[in-house]
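Chain naming here is simple, since letters A, B, ... match the order of the sequence lines and numbering starts at 1 in each.
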Amino acid sequence: MRYWLFKSEPDVFGIDHLAAMPGGVDSWDGIRNYQARNFMRDDMRTGDRGFFYHSRCDPPGIVGSVEIVREAYPDHTALDPKSAYHDPKATADDPRWMMVDVAFRERFDEIVPLAALKAEKRLADMVVVQKGSRLSITPVTANEWKIVHAMAGVPAP
DNA sequence: GCCAACGTTGGC
DNA sequence: GCCAACGTTGGC
C-alpha cells in the first residue's frame, strides 16, 4: 500500500472535474514524463491512495485525495493526432505512455497550501516542497499522508 | 555518449 | 508574465 501525489492545473482538470465524473472515476492521462510514467507503471497498485494537488493557481496546494482503481494501461491519447497529448513516436505496439484510473475520495474543506507544506518542518523531505520539484506524480510517505490530513483537519483514511 | 539548444513546468 | 529549474532532443 503506497501513497502518491498527483498534480493538476485546476483550470484544465481540477478535483471538482474528477468528482463530477461518473462514479468519480477518470483516467489520469497526458503524463509525458518518464519518471512519472514509471511510477505509474512499476509501483502503483489498486488500492493505493494519492493526494490531489492543484498547481499553477493561487494558492497552489493539496485539495483532497483519490484512490487508484485501475493499474497502468496504455494512454491512448498519445496515439490521437487530435489530442493535445499526441506523441508522434507512440505506436499501438509501443504506446510509450501509460495511465491509471483514479477515483475521487476526499475534498478538503480548505486547501492545504504549498506554503503551509513548506512551513511544516516534519514535511521537509516531502518531494513536492523541494526546490525545483516539477514532477507531476511523486511518492508520499505514510507519515506525510498522516501529517497533511492532520493539517486539513480530518483523520487519514 | 556528450552537451548545447530548446521546450516545459510551475512558483512567484 | 517572468524566469529558474529541469527534461529532452539531436548534432557531432
A:Tyr73 side chain to A:Asp101 side chain, donor-acceptor N/O pair below 3.5 angstrom: yes

Residue pair A:Thr77 / A:Arg32, side-chain donor-acceptor N/O under 3.5 Å: yes

Side-chain donor-acceptor contact under 3.5 Å, A:Asn143 with A:Thr141: no

Distance, rounded to the nearest Å, where A:Gln130 contributes CD and C:dA5 contributes C1': 14 Å

Salt bridge flag under 4.0 Å for residues A:Arg96 and A:Asp87: yes

Detail all sub-3.5 Å separations between protein N/O atoms and N/O atoms belonging to nucleotides 7-9 of chain C.
| from | atom 1 | to | atom 2 | distance (Å) |
| --- | --- | --- | --- | --- |
| C:dG7 | O4' | A:Arg134 | NH2 | 3.2 |

Member of A:Trp28, A:Phe39, A:Phe52 meeting the ring-ring contact (aromatic ring centres under 6.0 Å, His included) criterion with A:Phe6: A:Trp28

Phosphate contact (B:dC12 OP1 or OP2) by A:Lys118 side-chain N/O below 4.0 Å: yes

Under 4.0 angstrom between A:Lys131 side-chain N/O and C:dA5 OP1 or OP2: yes

